[in-house]
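Below is one structure; the comments refer to it alone.
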Amino acid sequence: MGNSIFISNNRIQAMSLKKNGHVKVNQYVSAELSGRSMINGVITNVQELVTQLQALQQRNPALFKDATLTIDAGSLVTRKIQAPQLNKPQYDKLVQEELADQTAAYEDMLYDYTFLTKGKKGGSMLACAVNTPFIETYIQVFEQAGIKLAAIHVGLETLISFVSGNKEMNKGVIALNVLDGINMLSMIFENGEYIFSTRTRLLGETEEEYAASIAQSLSSLTQFNKNISQVFYIGASDRLLSLIKNQIMMVELPLINYDLLKKAGSSIAVSEACHFAYLEGFADAKCMDLLRLYQSKNKKQRKPLNKLYLIPAVFAALVVLATIGLRVGVALDNKEIKEINAYLESEIVKTKIAEIAAIEKQQAEYEGFYKLFDEAEKSFAEYPLFTQEDYKALYDNAQGKVTIGAVKFDSAKKTVAVSAQAASEFESANYIARLSGNEKFKNITYTGYSQSSQGAYGFSFTILLPAE
């Protein structure tokens with residue numbers, strides 16, 4: 001069948017797959033990651049990934065020849081939509097319109113879709129959008145490692161293909177949960193047809209707390225669809241499943257530990273969580289290919305023209321002077337006035353005014369930050385290593401893409417707790433990566449995130465400060 005690669009938060013996995021009635025694992029290699037190279041599918045340490053990929057390739061070069069990479073990340077915007085019978089350009093437009101509420105904050109997006117069901121009058125499709133720099137980073141990592149990829153597939157789509165051909169999961173309404181460390185992808189299917197999916201970041205320092213977080217997610221799923229008759233877990237140990245059962249009130253609801261790799265005749269441990277690498281074996285020729293999409297877009301792009309950008313402050317002064325000139329009675333005929341008005345209404349003027357407004361907004365944010373700092377200064381004084389510059393760094397690293405909410409300092413625990421909001425998981429992960437470059441902020445722990453109905457990500461994290 002071919003070679004498959006998947007990178008989770010904590011591990012790189014590569015395997016060769018063979019289909020002879022069932023998908024079998026022929027060979028397998030893996031390497032652990034530090035936990036700081038990937039955050040929810042977003043690459044935050046290119047060099048570590050390149051180094052580990054090169055080391056794995058040296059161990060088994062055949063596994064990396066014409067391999068397909070599968071990606072599962074919150075940065076991939078996916079949605080099931082209903083579509084009438086249309087032509088391809090109309091489908092492309094429909095997908096962009098349907099996903100606009102979650103992609104409006106980005107300019108450089110890639111869009112694709114695949115049909116789940118299709119008849120003469122249309123059907124249902126899985127629509128997907130991804131920020132181009134997100135995919136570009138993956139491509140660059142593999143290029144630097146000297147590995148040529150054959151395709152990049154979407155993890156959710158391979159899961160849908162797997163379930164649609166699995167008789168055990170084609171009866172009634174089921175919930176399928178795939179565990180990958182502290183991340184869980186949950187889906188609902190009805191008679192094998194994909195209905196809905198959601199992602200959860202699992203919290204808890206102990207196994208019992210971890211199980212409680214999973215049980216809470218299950219409770220939310222059953223509220224969404226009260227007809228769920230079976231719940232499948234991929235990536236759970238028998239002990240964890242037992243703890244989950246102890247946490248839920250729905251005693252009659254069957255919870256099934258589906259050992260995907262054991263059923264495939266593989267001895268790979270559940271803890272290695274390489275499910276998506278294996279699930280690539282169920283992908284077909286019609287699967288969305290983000291690599292092909294990226295390459296196709298690059299071929300169509302022309303070299304951009306150089307543009308002249310005015311310094312906002314100088315530009316603002318020119319606009320003010322022009323306005324004053326008009327007010328003091330400079331003799332201008334109607335044609336000249338119309339030309340000036342047209343210029344003031346032009347896109348370049350609007351853009352520069354927007355830039356000036358952004359600077360004013362940033363200045364206001366700094367004033368707000370200094371006010372917060374003054375209010376918290378008494379607490380910070382107890383820990384002199386955390387300075388005003390460190391506090392300012394929290395805001396500087398936001399780069400206008402993350403909105404900082406509350407910042408709380410605990411002098412006893414030597415921690416800083418921060419809540420913030422970003423347009424996507426991609427932006428929040430990049431913010432954490434930027435902060436990690438500061439020596440004071442090396443030890444950062446996510447404490448939770450949520451997604452609003454508008455698609456914005458609220459997230460929180462705690463910084464453990466170094467010892468005095």
Side-chain angles (χ1 to χ4, degrees), residues 1-33 35 37-38 41 43 48-73 76 138-139 141-166 176 178-181 183 185 232-237 257-285 287-291:
M1 289 192 65
N3 298 323
S4 174
I5 301 171
F6 178 70
I7 307 175
S8 68
N9 284 347
N10 303 306
R11 186 176 293 274
I12 299 175
Q13 304 131 5
M15 59 176 62
S16 64
L17 301 170
K18 183 178 180 180
K19 193 168 186 178
N20 186 13
H22 298 283
V23 177
K24 300 288 185 181
V25 179
N26 270 359
Q27 298 180 66
Y28 171 72
V29 294
S30 73
E32 283 194 40
L33 298 173
S37 296
M38 297 278 287
I43 295 173
E48 183 184 3
L49 290 181
V50 170
T51 301
Q52 293 288 10
L53 281 167
Q54 289 174 332
L56 286 175
Q57 189 179 27
Q58 288 180 354
R59 283 171 54 187
N60 195 329
L63 288 182
F64 293 86
K65 185 178 180 181
D66 296 324
T68 295
L69 173 68
T70 300
I71 296 178
D72 178 63
L76 296 173
Y138 275 93
I139 293 170
V141 163
F142 280 85
E143 285 179 348
Q144 289 181 39
I147 299 168
K148 185 177 180 180
L149 292 172
I152 299 177
H153 286 167
V154 177
L156 177 61
E157 186 180 4
T158 62
L159 260 171
I160 293 171
S161 297
F162 165 71
V163 173
S164 64
N166 188 307
L176 174 61
V178 182
L179 296 166
D180 179 9
N183 297 316
L185 174 62
F232 292 86
Y233 286 93
I234 293 177
S237 65
N257 191 3
Y258 196 91
D259 194 333
L260 187 66
L261 295 164
K262 187 175 181 180
K263 286 179 178 287
S266 173
S267 59
I268 301 172
V270 170
S271 59
E272 294 204 16
C274 60
H275 321 297
F276 284 105
Y278 173 74
L279 287 164
E280 170 56 30
F282 298 87
D284 57 35
C287 269
M288 292 182 282
D289 183 355
L290 301 181
L291 177 61

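This one's a predicted model, so the numbers in the text were calculated from it and none came from an experiment.
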May I ask you to test the Ile147-Gln57 pair for a side-chain heavy-atom distance under 4.5 Å? yes
In terms of side-chain heavy atoms, does Asn166 have a donor or acceptor partner in Tyr258 at a distance below 3.5 Å? yes
Is any side-chain heavy atom of Phe6 less than 4.5 Å from a side-chain heavy atom of Asp72? yes
Determine the minimum heavy-atom distance between Gly41 and Ala73, stating which atoms define it. CA-CB, 3.7 Å
From Leu179 CG over to Leu185 CG, what is the distance, rounded to the nearest 0.5 angstrom? 10.0 Å
I need the minimum non-hydrogen distance between Leu63 and Ala14, along with the two atoms involved. CD1-O, 3.8 Å
Asn3 and Ser16 have their tightest heavy-atom pair at OD1-CB, 3.3 Å
Quick one, Ile5 and Thr70 - any side-chain contact, counting heavy atoms below 4.5 Å? no
Among Leu159, Ile71, Ile160, Leu76, which one satisfies side-chain contact (heavy atoms from CB on, under 4.5 Å) with Val154? Leu76
Hey, is the main chain of Leu33 close enough, under 3.5 Å, to the side chain of Gln52 for a donor-acceptor pair? no
How long is the gap from CG on Asp259 to CD1 on Ile234, to the nearest 0.5 Å? 9.5 Å
Quick check for you: to the nearest 0.5 Å, what is the distance between Lys24 atom NZ and Lys18 atom NZ? 11.0 Å
Side chains of Met288 and His153: closer than 4.5 Å at any heavy-atom pair? no
Using modelled atom types only, decide if a donor and an acceptor are shared between the side chain of Asp289 and the backbone of Ala151 within a distance under 3.5 Å. no
Just how far is it from atom OG of Ser30 to atom CD of Gln13, taken to the nearest 0.5 Å? 6.5 Å
Atom CG of Asp284 and atom OG of Ser161: how far apart are they, to the nearest 0.5 Å? 5.5 Å
Show every side chain to side chain donor-acceptor pair (under 3.5 Å) that has at least one partner inside residues 59-69, sequence neighbours left out. Gln27-Asn60
Are any side-chain N or O atoms of Asn26 and backbone N or O atoms of Met15, one a donor and one an acceptor, separated by less than 3.5 Å? no
Under the criterion side-chain contact (heavy atoms from CB on, under 4.5 Å), I'd like the reasoning laid out for Leu291 against Ile139: C-alpha separation, chi angles, the key distance, then a yes or no. CA-CA 8 Å; Leu291 177 61; Ile139 293 170; 3.8 Å; yes
Is there a donor-acceptor contact under 3.5 Å from the side chain of Tyr278 to the main chain of Ser4? no
Name all residues meeting the side-chain contact (heavy atoms from CB on, under 4.5 Å) criterion together with Asn9; count only those two or more places apart in sequence or in a different chain, and write none if there are none. Met38, Asn40, Asn183
Phe162: which residues meet the ring-ring contact (aromatic ring centres under 6.0 Å, His included) condition with it, sequence neighbours left out? Phe282
Is the shortest heavy-atom distance from the side chain of Phe276 to the side chain of Val178 under 4.5 Å? yes
List the steps, then state whether side-chain contact (heavy atoms from CB on, under 4.5 Å) holds for Ile12 with Leu49. CA-CA 8 Å; Ile12 299 175; Leu49 290 181; 4.1 Å; yes
With a 4.5 Å limit on heavy-atom distance, are the side chains of Leu53 and Phe64 in contact? yes
